Structure formats: structure tokens, C-alpha cells
2 protein chains.
Amino acid sequence: MFGFNNISIDKKSRFSFPAKYRDAFINSNENQIVITKDPQYPSLKVYLGSEWDQISTKLSSLQGLDPIVRNLQWTILGNASVCDFEPSGRMQVLISADLKKYAQIEEANRICLIGMGNKFEIWNQENWEQRQTGGSLATEILDIVLPESIKDMSF
Amino acid sequence: MFGFNNISIDKKSRFSFPAKYRDAFINSNENQIVITKDPQYPSLKVYLGSEWDQISTKLSSLQGLDPIVRNLQWTILGNASVCDFEPSGRMQVLISADLKKYAQIEEANRICLIGMGNKFEIWNQENWEQRQTGGSLATEILDIVLPESIKDMSF
DNA sequence: ACAGAATCCGGCTTATAGACCAACTCATAT
DNA sequence: ATATGAGTTGGTCTATAAGCCGGATTCTGT
């Protein structure tokens, strides 16, 4: 579940997971994934079902009167899309128009899928390269001061 | 698992581990290695499977909203490539175009593989020599201020 | 100089990504 | 109620890339 992949999305905004991750999905009995917005950068996060259960449970239980927490709830929970996933099959995922817009991949026919161990990120190639070479993005959100309640969470 | 090796990479960007390390791999039941970017210098890191499990688990559990942590996650986890050894016992490793570029070995047909005990490093020969003689590299990243959460980690 | 081992090289095989197409569903309008 | 068309889903095919393997070449130690 690691590493960089440049993959295509078809006209219907579908992409398929690289086959090299298949065994990991099967071994961990994952049959759904969740795709949602990244709160920090114009990119998307893809969680395994089990990972998502933990994150969403924890995040939704937090005190929403804190504006930072509420923003995270909106962004992460409010845009999540659950997708049934058959690891023995083609492992295809649909990206909604709204998520494509957020990640600035409306016009693109290729995306970058980055394996981060327990999750994946989806980036527009230019944004990704700029970020990796130390450049900053117009839309990034810097210096979030995290409330104590989420210091131990990893999104 | 120590020492300096100057070895060749072929047209398909593969290299094979010096045979002198083979017994050590077999004895420790390692059947895969992971190759990824070094966060500090234009070079690559090669971890044994078991070592990688520890590092990646710890690193992916950290709070990704911290920009330094997220950069390390991107660099180390997001560029990792897992590689199984050949059934015949030969230990061949493919270096992706992206990793070659990062380590500045795009045009090279030889690399330096440095055994560091529990991991290896891969360098472009000129960079390695310059670094060993105290010279500085144009692209190195100095003085990372590490957050408390990763002070005890060794990459 | 020779023998054995390690390394390098390139062809062959297999698996996969990506594109194309067919079928089905659903919505709308007549 | 039926026909039309758009949107969605799933299947199949093919070029490409990854994995596997054997032989040629180079290296090392005696």
C-alpha cells in the first residue's frame, strides 16, 4: 500500500487501483473504500473501510463548537463517498464531479495515486510535483493550530 | 550488511544485490526489500521488509496535519516501492524513473550501494564522493527541525 | 592461467492498464 | 404506455510493462 502511481481515469471518471495492492486488500478483508476531501490541500483521500470506521467515529464524536473541528467534520465527513469494492475483480472507483473539482482534476485524464500505508492520496500531477519540490500551492491551508482533542488523530 | 559497493544498473534500470549479502538475507527470513527516497539528500534508501514494517507503521500513524510530518510521509511512504526477490534466489531490484531522477542517476550506468547495517543507501558516485569529502550538495535539505513525535525514529 | 563464482544482459512469458463496446437502467417526453 | 436517449455498469480485447529465466561475460582467488 505504498508508492507513487500515475494512472488514467476514463471518460466516466473511473479509475482502477493498481493490481499490486490487491493482495493487501484481500488479506485485510476490505470490501469497501471511502473517498473524500483532504482538509489541507487540493487533493483527495482514500481510506480503507476499517480505517474509515475509526476516523469517522472519532471525528464525529468531537465537540463541533470548535471551529477547526467543525471544519474538519464538514470537509472529511461531509464529502465522503463510500464505494463497494471487490478486490478479486477490477477494483474500480468512481470520482464524483464535486471531488474532481476540489482536487483540480476536472479536465485531467490522469491522476497521481499515492500509497501512504493505511490510506491513499489522489493528486493532480502538477500540484503533486510542485508540492514535492517544495513549491507552495495557491490553495493550501497552512499552520492549522490543532485543538488537543485531535492531536493524536492521523487523517 | 555493511560497506561500499559500486555496481551497475542495466538498461531496464535494474541492479542486483551483491551476493555477499545473500546469506544475511536468507538467515533473517527476508524475502522483500523496499526502496524509497531519502528525505534529506538526493539519494535512495533500501530497507529490509521487516525494518520497513516498523518504520512505515510508525510514520503513517503520526499526525499528518503537521507539515513536517506530512512531508516525511509523502517522501518516504509515498515513493516506496516494494520488491520481491526472485524465486531463484537472485536479488534483483528495479529503480523507477522517478527514483532515478531523484537520486540524480538518470544517465548513470553505475551506482554506489552503501551497506549501513539494517539498511542500504544508493548514491550517484559523484554526490557520494563530494559528501564524503565534506563538500555540500546543491539539493540537500539541511536543518530539519523534527517534531517531538518523531525524535526517536531512525529512518 | 585456470576454475569457479558473481555479475550482467537480453529474450521470453505472463499479467495488467487502458480503451473500446455492449447491455442495462432510468428518466423524460410524446 | 411506449419510445427515445442519456447515463451507468460491466465485459472483452490488446499494447505495454513487469516478472522470470538462461546464457554470456567479467571478476576473483589460487
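Per chain, numbering begins at 1; letters A, B, ... match sequence-line order. Computed from a prediction, not measured in an experiment: that's the story for all the values here.
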**Full working for side chain to side chain contact (heavy atoms under 4.5 Å, CB included) between B:C83 and B:Q32** = CA-CA 6 Å; B:C83 173; B:Q32 34 183 233; over 6 Å; no
Show each protein N/O and nucleotides 27-30 of chain D N/O combination with a separation under 3.5 Å, one pair to a line.
none

**Prompt:** Is the A:F85 ring parallel, tilted or perpendicular to the A:F25 ring (thresholds 30°, 60°)?
**Reply:** tilted
**Prompt:** When the distance from CG of A:D10 to P of D:dT8 is rounded to whole Å, what number comes out?
**Reply:** 12 Å
**Prompt:** So do the side chains of B:C112 and B:I114 get within less than 4.5 Å of each other, counting heavy atoms only?
**Reply:** yes
**Fill in**
Here the residues of residues 18-27 of chain A within 4.0 Å heavy-atom distance, strictly under, of DNA chain D are none
**Request:** May I ask you to check whether B:W74 and A:F4 place their ring centres under 6.0 Å from each other?
**Result:** no
**Item:** Shared hydrophobic cluster, B:I9 / B:L94 (ILVMFWY, side-chain heavy atoms < 4.5 Å)
**Value:** no
**Item:** Sub-4.5 Å side-chain heavy-atom contact between A:V46 and A:I122
**Value:** yes
**Asked** Which pairs, with at least one residue in residues 30-46 of chain A and sequence neighbours excluded, count as a salt bridge (charged side-chain N to carboxylate O under 4.0 Å, His left out)?
**Response** A:K37-A:D98, A:D38-A:K45, A:D38-B:R70
**Request:** Go through DNA chain C in 5' to 3' direction and return only the first and the last nucleotide with some atom under 4.0 Å of chain B's heavy atoms.
**Result:** C:dA6 to C:dG11
**Asked** Looking only at side chains, do B:N5 and B:K20 share a donor and an acceptor under 3.5 Å apart?
**Response** yes
**Message:** Are B:I26 and B:V34 connected into the same hydrophobic cluster when the rule is that any two of I, L, V, M, F, W, Y join if their side-chain heavy atoms are below 4.5 Å apart?
**Reply:** no
**Prompt:** If the sugar-phosphate is the primed atoms plus P, OP1 and OP2 and the base is the rest, what is the B/S/- string for nucleotides 15-22 of chain D, using protein heavy atoms under 4.0 Å?
**Reply:** ----BBBB
**Request:** Mind telling me whether A:F15 and A:F17 have parallel, tilted or perpendicular rings, with 30° and 60° as the class edges?
**Result:** tilted
Protein and nucleotides 4-7 of chain D: nitrogen or oxygen contacts under 3.5 angstrom:
none

**Request:** Scan A:E126, A:E121, A:Q125 and name whichever one has a side-chain hydrogen bond (donor to acceptor under 3.5 Å, both in side chains) with A:W123.
**Result:** A:E121
**Message:** Is there a side-chain contact between B:P42 and B:N127 in this structure, where contact means two heavy atoms from C-beta onward sitting under 4.5 Å apart?
**Reply:** yes
**Request:** Please name the pair of heavy atoms, one in A:P18 and one in A:M91, separated by the smallest distance, quoted to 0.1 Å.
**Result:** O-CE, 3.7 Å
**Prompt:** What do the steps show when you test B:N118 against B:E51 for side-chain hydrogen bond (donor to acceptor under 3.5 Å, both in side chains), and what is the final call?
**Reply:** CA-CA 7 Å; B:N118 56 358; B:E51 186 81 8; 3.0 Å; yes
**Message:** Checking B:Y47 against B:D53: is there a side-chain donor and acceptor pair closer than 3.5 Å?
**Reply:** no
